Amino acid sequence: MSDSTAAETRRFDAEVHQLLKLMINALYSNREIFLRELISNASDASDKLRFEALTRDELKGKDQDLDIEISFDTAAGRLVVADRGIGMNRAEVVENLGTIARSGTRRFLESLSGDARKDARLIGQFGVGFYSAFIVAAEVEVETRRADEAPAAGVRWRSTGEGEYSIEDIEREPQGTTITLTLREEHRDLLSRWQLERIIRHYSNHVAFPIRLIEVGKEAEDGDKDEDAPAGQQIINDTQALWARARNELEDEDYKSFYNGLTGDPEAPVSWAHHHVEGSQSYSLLLYLPAQAPFDLLINRDEREGLKLYIQRVFIMDAAEQLLPRYLRFMRGVVDSADLPLNVSREILQDSPLLKKIRATVIKRSLDLIEKLAGEGGEAWSKFWKAFGSILKEGVIEDFEQRERIASILRFASTHAEDAESVSLDDYIGRMTEGQDAIWYLTADSVKVARSSPHLEAFKRHNIEVLLLTDRIDEWLVSHLDQFKDKPLKSVSQGKLNLAGDSPEPGEDARLLAGRIKKALGDTVGNVRPGNRLTDSPGCIVADEGGMSLQMEKLLRQAGQAVPETKPDLEINAEHPLLTAMNQLDDGKRFDDLSHLLFDQARLAEGGELADPAAYVARVNRLLIEALQPSSSSAAEDNSRDGSNAASA
Ligand code: ADP
């Protein structure tokens, strides 16, 4: 096989040597990508042969059972990548390997400018081509023969990447190309089964041809491992690019096991969508809805591993950033474009109109999947909702275009449903009572606190449903979702409440009492006014229409943010026995205490925080003592003097 004729040594293009050095430096920390490049070339060559065999009789049969063989010899420090693809003749070898004018390396180097040079991660994503072999190899030998020529038409190319290469004709029996790398000492750690398997799986798992890994010298020993494979060989990759196959060829099981391999999530996905899009651009899209959240998903809003971008079945990069909005960051899957250039960079992707279109489809299809699951309800939906509901809500805030669609998927707890978070906005609208003009909600820390809120009293009386929002993000959600299907969303605790049928104007007596309470409370409160909200409770806090709710204040404070000084209003229920009793009292210490208690109670009932808990406790105690010593009310007034400073805010 090694009879050689017409051996000659040629120099690379003048610039090649320097450029090679530059690339080797830039890619040193991403050395593993050389294997991706060689496998990708082998896969391309096999694809080309397949394609040509479609129309050329002399190639018929030569395109059967193509594979890519990777063998390593630890003792010799050698790694061999062999394909049985189209191969090259002498002129092609000179053209393709003797110059970098048209290789991926050139495009890579051209793109290396300014900051890109520093961005090692970016560099790792490039298709840099054949020359990347020199990142790890001291010498590269290529033996090749075109599949449509005779064995005598073989060619051997050899180089150390130092400025020249040798080329000679050889007799070569097998069609296709064998590339032998003699690794430099410091890269020989790559020559182990687990390293190579790992690298192949990571970058080339979905190459459409079987990749076999062979350890030289071990061929016979572990032959019983895999009965179908020849001795010592194992197929490393998932030979079929599953997403590229027709849907009717695939079983549920295929989709599931592919998902497990893709994500590392051992559970089955909830559902998936698989599309082949053809038209002004062609791509395949396989999207999965996972059943469970990876543990850091909520905390890490920058999780960007979800969606893999392939170009013609070659893995290019994790491109969730370009293809998924944050609120869909739990989605998983693959996009495989037929139109994007293989050496695409993140920068290029960022403003690619092709990609923008794909992204729009990804969003639409993802929401289709989620919507369908929501419609089916049941265990799968509630599990999904628990895991990802809060994240999805971010979409209402971030994606104006999809706001209404996302909003209609959301589910909430409600005064009219026993189950946790089962009511949609559409359900709600369907149950609105005659004359009801708004979607009412209440925000609180928990459903339990919400259900016993005094704010619900009027709504109970009128049998009006109230959504109970208890997720941290809900406050932000409703501040962005001011209406749904033309119905305004309104907080039960904000502004003036006038439900149909309630008497609109309070009596003179009630207004006077409110004025006295305001005087007692002074600057701690905004307004005090009689209202229709309450039946069982004496008072409740009401935020300004459009002002900040107590719940929002609390969230901001917990998040360590400055909370603007706000003075909530106090609504009183003038018919309540406490208020009618207060109305009998003269102004004075006792009326003062009761006014403060009324206000503090109202805050507590909403799960709010007291401005001065110690003063509150002192007041309660004073009143308890009075209650226990009914005859000595004047003594109680005296005793209370020392504690009263704390009460003035
Ligand atoms: P690119 O693949 O981006 O064109 P490369 O530097 O990787 O750049 O390869 C240059 C050319 O060499 C390829 O376009 C192809 O024509 C040829 N080539 C490389 N590897 C093989 C192979 N295994 N079989 C056939 N041709 C190959």
Side-chain angles (χ1 to χ4, degrees), residues 442-446 448-450 452-455 475 491 493-494 513-531 533-534 537-544 547-573 576 578-579 581-583 585-629 633-649:
L442 168 71
T443 54
D445 271 349
S446 71
K448 203 171 160 210
V449 170
S452 52
S453 166
H455 286 288
E475 278 287 347
S491 163
S493 64
Q494 270 170 305
L513 178 60
R516 289 175 61 202
I517 294 172
K518 163 66 186 166
K519 210 172 129 209
L521 291 175
D523 278 349
T524 47
V525 71
N527 261 315
V528 180
R529 57 171 186 252
R533 277 193 167 82
L534 305 168
S537 304
C540 66
I541 300 292
V542 180
D544 255 4
M548 193 181 285
S549 71
L550 270 192
Q551 185 65 12
M552 183 64 124
E553 258 185 47
K554 206 163 103 182
L555 288 174
L556 286 176
R557 217 172 274 129
Q558 282 169 357
Q561 299 202 28
V563 178
E565 193 67 42
T566 51
K567 286 180 190 153
D569 293 348
L570 176 67
E571 178 171 319
I572 57 167
N573 172 6
H576 191 276
L578 177 60
L579 277 295
M582 279 175 76
N583 214 3
L585 288 176
D586 293 328
D587 286 354
K589 185 67 204 158
R590 200 155 183 214
F591 186 87
D592 217 77
D593 273 349
L594 286 168
S595 299
H596 277 99
L597 278 180
L598 188 66
F599 185 45
D600 284 352
Q601 260 190 9
R603 295 186 79 101
L604 284 177
E606 281 198 55
E609 279 155 24
L610 297 179
D612 188 348
Y616 170 80
V617 170
R619 278 193 203 99
V620 170
N621 287 343
R622 275 200 297 276
L623 289 164
L624 285 174
I625 290 164
E626 264 180 66
L628 293 170
Q629 302 170 322
S633 62
S634 58
E637 293 252 338
D638 288 343
N639 286 345
S640 67
R641 299 273 173 226
D642 23 6
S644 64
N645 283 344
S648 52

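Keep in mind the model is a prediction, meaning the values are calculated, not measured.
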If you look at every heavy atom in Leu570 and Ala602, which pair is closest and at what distance?
CD1-CB, 3.9 Å

Can you name the nearest heavy-atom pair linking Pro538 to Gln601, along with the distance?
CG-OE1, 3.7 Å

How far does CG of Asn573 sit from CG of Leu579, to the nearest 0.5 angstrom?
6.5 Å

Kindly indicate, with the supporting measurements, whether the criterion side chain to side chain contact (heavy atoms under 4.5 Å, CB included) is fulfilled by Asn621 and Leu624.
CA-CA 5 Å; Asn621 287 343; Leu624 285 174; 4.0 Å; yes

All side chain to side chain donor-acceptor pair (under 3.5 Å) counterparts of Glu475, not counting sequence neighbours:
Thr443, Ser549

Could you tell me which residues satisfy side-chain contact (heavy atoms from CB on, under 4.5 Å) with Ala605, sequence neighbours excluded, listed by chain and number?
Pro454

With Asp445 via side chain to side chain donor-acceptor pair (under 3.5 Å) - residues at least two apart:
Gln551, Lys554

If every non-hydrogen atom of Val528 is compared with every non-hydrogen atom of Val525, which pair is closest and at what distance?
CG2-CG1, 3.9 Å

Nearest-0.5 Å distance that lies between atom CG in Asp593 and atom CG in Leu598
12.0 Å

For Met582 and Arg516, work out which heavy atoms get closest and say how close.
O-NH1, 4.0 Å

Distance-only, no hydrogens or angles: does the Ser537 side chain make a donor-acceptor pair with backbone N or O of Leu534 under 3.5 Å?
no

Heavy-atom closest pair, residues Arg603 and Pro568
NH1-CG, 3.6 Å

How long is the span from the CD1 atom in Ile517 to the CD1 atom in Ile572, to the nearest 0.5 Å?
4.5 Å

Results of side chain to side chain donor-acceptor pair (under 3.5 Å) for Ser453 - residues two or more places apart only:
none

Arg529 meets the salt bridge (Lys or Arg N to Asp or Glu O under 4.0 Å) criterion, sequence neighbours left out, with Asp569

Do side-chain atoms of His455 reach the backbone of Ala450 as a donor and acceptor pair under 3.5 angstrom?
no

Test side-chain contact (heavy atoms from CB on, under 4.5 Å) applied to Leu585 - qualifying residues, sequence neighbours left out:
Arg590, Phe591, Leu594

Could you please spell out the steps behind the side chain to side chain contact (heavy atoms under 4.5 Å, CB included) verdict for Asn527 and Val542?
CA-CA 9 Å; Asn527 261 315; Val542 180; over 6 Å; no

Looking at Cys540 and Arg533, what are the two nearest heavy atoms and their distance?
SG-CD, 3.9 Å

